[in-house]
Structure formats: structure tokens, C-alpha cells
2 protein chains.
Amino acid sequence: MKPSQAPTGETLSKARLRVWLKLLKSVNGIETEIRRNLREEHGTTLPRFDVMSALARFPDGLKMSELSSYLKVSNGNVTGIVDKLTEEGLALRVAVPGDRRAQVARLTAKGRVAFEELAQHHEDWINTLLEGLSAGNVDALSAHLDCILDRQMEED
Amino acid sequence: MKPSQAPTGETLSKARLRVWLKLLKSVNGIETEIRRNLREEHGTTLPRFDVMSALARFPDGLKMSELSSYLKVSNGNVTGIVDKLTEEGLALRVAVPGDRRAQVARLTAKGRVAFEELAQHHEDWINTLLEGLSAGNVDALSAHLDCILDRQMEED
DNA sequence: CCCTAAAATTTCAAGCTTAAAATATTTCGA
DNA sequence: TCGAAATATTTTAAGCTTGAAATTTTAGGG
């Protein structure tokens, strides 16, 4: 017997749309909570955390353009965020020898300390928010997301 | 024999963090593409599409506060977006009989036509962006997302 | 009826984001 | 060496977003 719910092209499209909305809801819910925690508990924001996280991963610093392409945001965007971090002594700009156009952004010692503190909390928040996922769930979810990400990489 | 990669609490936390970053990357990639399509092909934005989508689902209209809680955004936010849609003749505000504080936002006929056009394209874009997911993948992914969403609903 | 608290919405200030224009510098072919 | 094209960054204008303050209206106890 033919299964009555055999997915036609039409219903697969609708099913993908529904899972997309669910994906969006999951991510927005977590992101909202992370933003709230950063703001209320640490007086900072997610974009600032993202920039600090990128700079922490590259101790020698990143050129402004490398930073913006790494984070997939516009150049003008990181300019403003690095400006603020610099004003607060968490980051600094270093001239690139041999190219007076470019500057490398780096964390200061104070910035590294502040980031380590944030990063530990961030991992804890995520661990709690994803408590519903067992190790097996994590692996399976990861594999499914790879199906989506594989397609995104082709398109660049 | 014990598997050598038995996940301790420590590594489960790291695995959850990695899958979170992957989730974020998947969603941001898709969302960026949708925003680009809306802007370049239809001269509109995702927040406007979201508002129109909500209003389309409620033909009798939604109070401003119902709209903002439905979309999980601030009151002030929807005020500005409905203002713009109203200026363009896509939405309108209707007084609520018996409560002069409240107003109901609705789509105009023009707004409904514009939304139907957008919605069809939107479904097509998503269907293409999620081409890597088979019907089975969609169901499995959906189930895993439910593990995340279940937890979010408890917390309200 | 009065008047305080609650409710619905808008206004506001601050920050994020983008695309495009503007600046400054480097590269490299003629 | 000159100058056009490419590169690195900042500036700018416009829109989104939020939380908090302000405004208007309603509801309910005294």
C-alpha cells in the first residue's frame, strides 16, 4: 500500500518552510537570552562579544577587513565596535608595518581578561539553554545542520 | 570495552557550544540571503515582511500590543514599522470600539496582494536554501529543534 | 464622583547594521 | 615616474531594535 502522507514536492516545500520557522524561533529564543544576560549581568552586547571573541582567537590581531569578513558583517560595522572597545581600553589598533592604510585590531590585556570571564559565562548559558540535547542529539543535529551549511558554502 | 570518547560533562558542554555556533551560522546565512532577496527583488525588509505575515494571518487585525507579543519584538518597534506600512498604503489602523487607547492594525487590500506575492517568493527561497534537507531530514531536524523549544517554553 | 493603578500606545535616546560614498594608500603597467 | 585601478578603512544616511519615559485612556475602590 502507498503511504497516504507520501511527501509530494508541494508538501516538502511547506515542510521546509515550517522547519525554517522553527529554526528561527529556536535561535532567536537563545540569542535573546544571551543578549539579555550580556546586558544585565555584564553591561555589554552580543556584537561586542563577537568582536572580542574573534580577537581572542587571533592573539596577533586581525586587520579591520579580516575582522569584518571573519564575522560576516560590514566594514563600517566593526569600525564602530572597535572604536567603542578601544575607548574602554579593551582593544587597540596597531599600525601594520609596510602598509599605512591598514590597522590591526587586538585585545588589550584588560580585554583578554574581560573576554575570558565572558566566555566562561557564555558557555555556561549555552550549556543550560541546550540542556534538552543529549550528546547523541547534538551529533545528529550537527549532521543535519551540515546539510544546510554545505549548500551555503557552494553558493559563495 | 569503554568507548574512549565517552562524553564527560565537560565535553558535552563544548559540543553544545559548537552546535550552537553551527546553528547560528546556518540561520544567519539563510536570513542574510532572505534579507538580500527582499531588498534587491522587492524593495522591502524582513521586519516589514514579518509584520505583514502576522497581519495576513489575522484578517480581522491585531492590536498593536498583540502584534508585538506575537512577533516577540518591542511595542515601539511595531509602531514604527506599521507607520511605514501605513504611509505606503499597505496597512491601516482601525479604532477599537469601546477602548480609545487601543488600535487594531490590518492589511489593506493592496497590502494583502503585496504579501501574497512576497510569501510565494519567500517559500521558494526557503525551499531552495534548504534543498539539502530531504523529507526525512526535515522531520529529524524538527524533532531536535523541539528539544530546544520545549525548554524555552518552560522558562517564560 | 474622584483618583490612583493599570493598560495601550507612542516617543525617545542609544546602539547595531548595512550599502554606498569618501579618504588615504599602495600597486603596477606604460 | 605617472597615473589609473585596486585595496583598506572610515564616514554617512537610513532603517531596525530595545528599554524606559511619557501620554492617553480605562477600571475600580472608596
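Convention: sequence-line order gives letters A, B, ...; per-chain numbering from 1.
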Verdict with reasoning, B/Asn127 to B/Glu123, per side chain to side chain donor-acceptor pair (under 3.5 Å): CA-CA 6 Å; B/Asn127 191 43; B/Glu123 181 176 333; over 6 Å; no

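- Of the two residues contacting DNA chain C, namely A/Arg100 and B/Ala102, the nearest-nucleotide position lying further toward the 5' end is that of B/Ala102.
- The nucleotide whose nearest atom lies closest to any side-chain atom of B/Asn75 is, among C/dT25, C/dT9, C/dC16, C/dT9.
- In this structure, CG of A/Leu71 is placed 15 Å from C1' of C/dT18, rounded to the nearest angstrom.
- The closest donor-acceptor contact from the side chain of A/Thr108 to the backbone of A/Gly89 lies under 3.5 Å.
- The CG atom of A/Asp83 sits 16 Å away from the C1' atom of C/dA14 (whole-angstrom rounding).
- Between the CD atom of B/Glu40 and the P atom of C/dT18 there is a distance of 14 Å, rounded to whole Å.
- Counting any heavy atom pair closer than 4.0 Å across all strands shown, A/Val96 reaches no nucleic acid atom.
- Distance, B/Asn28 CG to C/dT18 C1': 15 Å, rounded to whole Å.
- Closest to the side chain of A/Thr79, from the set C/dT10, C/dA8, D/dT11, is D/dT11.
- When heavy atoms are screened at a 4.0 angstrom cut-off, A/Ser65 is found touching the sugar-phosphate backbone but no base atom.
- Remark: the B/Arg101 side chain and the C/dA7 base include a donor-acceptor N/O pair separated by less than 3.5 Å.
- Taking CD from A/Gln103 and CG from A/Leu62, the interatomic distance works out to 13.5 Å, rounded to the nearest 0.5 Å.
- At distances below 3.5 Å, at least one donor-acceptor pair connects side-chain atoms of B/Asn137 with backbone N or O atoms of B/Ser134.
- Here the nucleotide nearest the side chain of A/Lys84, chosen from D/dT18, C/dT10, C/dC16, is C/dC16.
- Residue A/Arg35 is out of contact with every strand shown, counting any heavy-atom pair closer than 4.0 Å.
- Although no hydrogens or angles enter the test, the distance criterion places no donor-acceptor pair under 3.5 Å between the side chain of A/Arg48 and the main chain of A/Leu85.
- Nearest-nucleotide mapping onto DNA chain D: of A/Val104 and A/Arg39, the residue sitting toward the 5' end is A/Val104.
- The phosphate of C/dT18 has OP1 or OP2 within less than 4.0 Å of a side-chain N or O from A/Asn77.
- Listed candidates were C/dC16, D/dC16, D/dG19. Nearest to the side chain of A/Arg48 is C/dC16.
- Atoms CD1 (A/Ile34) and C1' (C/dC16) sit 18 Å apart, rounded to a whole Å.
- Of the candidates C/dC16, C/dA8, C/dT9, the closest approach to any side-chain atom of A/Pro47 belongs to C/dC16.
- If you measure from atom CD of A/Glu66 to atom C1' of D/dT7, you get 13 Å, rounded to the nearest angstrom.
- Across D/dT7, D/dT26, C/dT17, the shortest atom-to-atom separation from the side chain of A/Ile81 is found for C/dT17.
- A/Asp50 places its CG atom 11 Å from the P atom of C/dC16, with the value rounded to the nearest Å.
- Of the candidates D/dC16, D/dT9, C/dT10, C/dT10 carries the atom nearest the B/Gln103 side chain, counting heavy atoms from C-beta on.
- Heavy-atom contacts from other residues, nucleotides or ligands closer than 6.0 Å to NZ of B/Lys25 number 12 or fewer.
- Here D/dA8 presents its P atom at 5 Å from NZ of A/Lys63, a figure rounded to the nearest Å.
- OP1 or OP2 of D/dT10 sits under 4.0 Å from a side-chain N or O of A/Arg93.
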